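Only a predicted model underlies this, so the values are computations on that prediction, with no experimental measurement involved. Numbering starts at 1 and runs along the sequence shown. Computed over heavy atoms, backbone and side chain alike; hydrogens, waters and symmetry mates excluded.
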Amino acid sequence: MSNLPTRLKELRAERGVTQDQVAEGVQVSKSLIAAFETSRLSPQQDTAVALDAFFETGDEIQKLSTEARKNRKPGPSWFRPWRDVEETAVILRYFQATLIPGLLQTEAYARAVFASTGMLSDDEVAERVANRLERQATILDREDRPAFAFIIDAAALRCGPPGIAKDQLLHLADTSARPNIFVHVLPDSAGLHPGRSGSFALATMEGSGAVGLLEDFYEGRVITESTRVTGLERAWQTIAAVALPCDQSRDLILRLVNDYDDPAADLAQVQP
């Protein structure tokens, strides 16, 4: 049996179609198709089904994708333990002080974030964007539907090129309507709080307590020591106490979206 990248390229050659045409046919980005064909990523179940339908290959690509995913974990080595946590946790909580959380980013926003570091080549940016999109598909669409809670500092909502930022906010509002995803905005009026020290995440595991994640400029680390996890839990509770409820948060996000269409609006002055 051919491996997945080889088979995808064979099928595309047989059909005489480009990566752009395949991407359009299965409604994903060209960069994602390129990542599949170079073995950087493997299609998730829904994308594999769409590829089988596009190429009329029954369940061949689904089987190849399942086998390929068993043999690899995308992303930097330090992040792989957290990916394992995300795939099994029953509750996932994320506090983000400066950016939209990775699981909620649009493709264009993620690309702008990675490109803004000035440290990555175009190919490296494309690969990291593809990894992020695959992570979103894997974690947000888990069949066992864990509960997700996100707290986002209001300043993060006002950051980014207008066209990208507006689409990102619309995506954030749409995602927050899902029944197992709870998005809270931390208003400017919250003042000083533990989150000023940086972003973090917490995962509640079935029958085995919680695990934390801290990231810095270069990488991150999984936190399992009980006293430090407890510290992150206390920080989360303190931040959550001054965050806006979900309905008010969504209203604020949509007000920001509307203000992108108003040339006279001052986004910095939009308050809950």
Side-chain angles (χ1 to χ4, degrees), residues 1-76 79 83 86-87 99-117 120-143 160-175 178:
M1 179 183 289
S2 300
N3 62 34
L4 177 64
T6 299
R7 185 59 177 143
L8 287 174
K9 285 183 276 191
E10 288 174 351
L11 289 167
R12 193 161 59 78
E14 290 170 5
R15 289 293 187 91
V17 292
T18 65
Q19 289 182 342
D20 281 320
Q21 289 172 315
V22 177
E24 183 178 357
V26 299
Q27 297 185 328
V28 299
S29 67
K30 177 187 174 182
S31 62
L32 204 56
I33 298 299
F36 298 156
E37 291 191 4
T38 55
S39 76
R40 296 199 307 271
L41 296 174
S42 303
Q44 293 301 309
Q45 179 64 23
D46 56 344
T47 306
V49 170
L51 285 166
D52 270 326
F54 181 84
F55 288 117
E56 299 179 335
T57 46
D59 61 356
E60 180 183 359
I61 296 174
Q62 296 169 64
K63 289 180 178 178
L64 289 171
S65 299
T66 299
E67 187 61 31
R69 286 198 302 272
K70 289 179 180 178
N71 296 328
R72 67 183 305 276
K73 286 279 187 185
F79 194 69
R83 277 292 303 266
E86 285 186 321
E87 292 176 9
L99 298 168
I100 303 300
L103 285 177
L104 303 181
Q105 291 177 3
T106 64
E107 181 177 349
Y109 184 94
R111 182 174 292 106
V113 168
F114 288 127
S116 70
T117 67
L120 302 172
S121 67
D122 290 345
D123 286 344
E124 288 172 324
V125 169
E127 181 174 356
R128 295 203 182 191
V129 171
N131 283 337
R132 179 149 294 176
L133 295 177
E134 182 180 54
R135 175 183 166 224
Q136 291 175 2
T138 300
I139 307 304
L140 293 179
D141 297 329
R142 277 175 46 188
E143 292 184 1
I164 292 175
K166 178 183 175 182
D167 288 344
Q168 174 62 71
L169 292 175
L170 285 169
H171 176 71
L172 189 60
D174 288 343
T175 306
R178 294 171 62 166

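The line from CG of Leu120 to CZ of Arg111 is 13.0 Å long, rounded to the nearest 0.5 Å. With rounding to the nearest 0.5 Å, the separation of CD in Glu124 from OG1 in Thr117 is 9.0 Å. In this structure, the separation between CD on Glu127 and CZ on Phe114 is 10.5 Å, given to the nearest 0.5 Å. Remark: Leu4 CG to Lys9 NZ distance equals 10.0 Å, nearest 0.5 Å. Rounding to the nearest 0.5 Å places CG of Leu11 at 5.5 Å from CZ of Phe55. Separation of atoms OG1 (Thr47) and CD1 (Ile61) is listed at 11.0 Å; rounding is to 0.5 Å.
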Table please: side-chain donor-acceptor pairs of residues 162-169 below 3.5 Å, with sequence neighbours left out.
unit_1, atom_1, unit_2, atom_2, d
Lys166, NZ, Asp261, OD1, 2.6
Lys166, NZ, Asp261, OD2, 3.1
Gln168, OE1, Thr106, N, 2.8
Gln168, NE2, Leu104, O, 2.8

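Arg15 contributes no side-chain N or O that, together with a main-chain N or O of Val22, makes up a donor-acceptor pair within less than 3.5 Å. Although no hydrogens or angles enter the test, the distance criterion places a donor-acceptor pair under 3.5 Å between the side chain of Gln21 and the main chain of Thr18. No donor-acceptor distance shorter than 3.5 angstrom exists from the side chain of Arg7 to the backbone of Leu64, with no hydrogens or angles considered. No donor-acceptor pair closer than 3.5 Å links the side chain of Glu107 to the backbone N or O of Val129. Panel note: side chain Gln62, backbone Asp59; no donor-acceptor pair is recorded below 3.5 Å. Counting only distance, with no hydrogens or angles, the side chain of Arg132 and the backbone of Gln105 share no donor-acceptor pair below 3.5 Å. The backbone N or O of Gly102 lies less than 3.5 Å from a partner atom in the side chain of Gln136, making a donor-acceptor pair.
In this structure, Glu87 and Arg83 have side chains that are in contact, with non-hydrogen atoms separated by less than 4.5 Å.
Atom CG of Asp122 is surrounded by 12 or fewer heavy atoms from other residues, nucleotides or ligands within 6.0 Å. The 12-atom threshold is exceeded at CD of Glu14, counting heavy atoms of other residues, nucleotides or ligands nearer than 6.0 Å.
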Between Leu140 and Arg178, does the side chain to side chain contact (heavy atoms under 4.5 Å, CB included) criterion hold? Intermediate values first, please.
CA-CA 10 Å; Leu140 293 179; Arg178 294 171 62 166; 4.3 Å; yes
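Residues passing the side-chain hydrogen bond (donor to acceptor under 3.5 Å, both in side chains) test with Glu24: none are found, sequence neighbours excluded.
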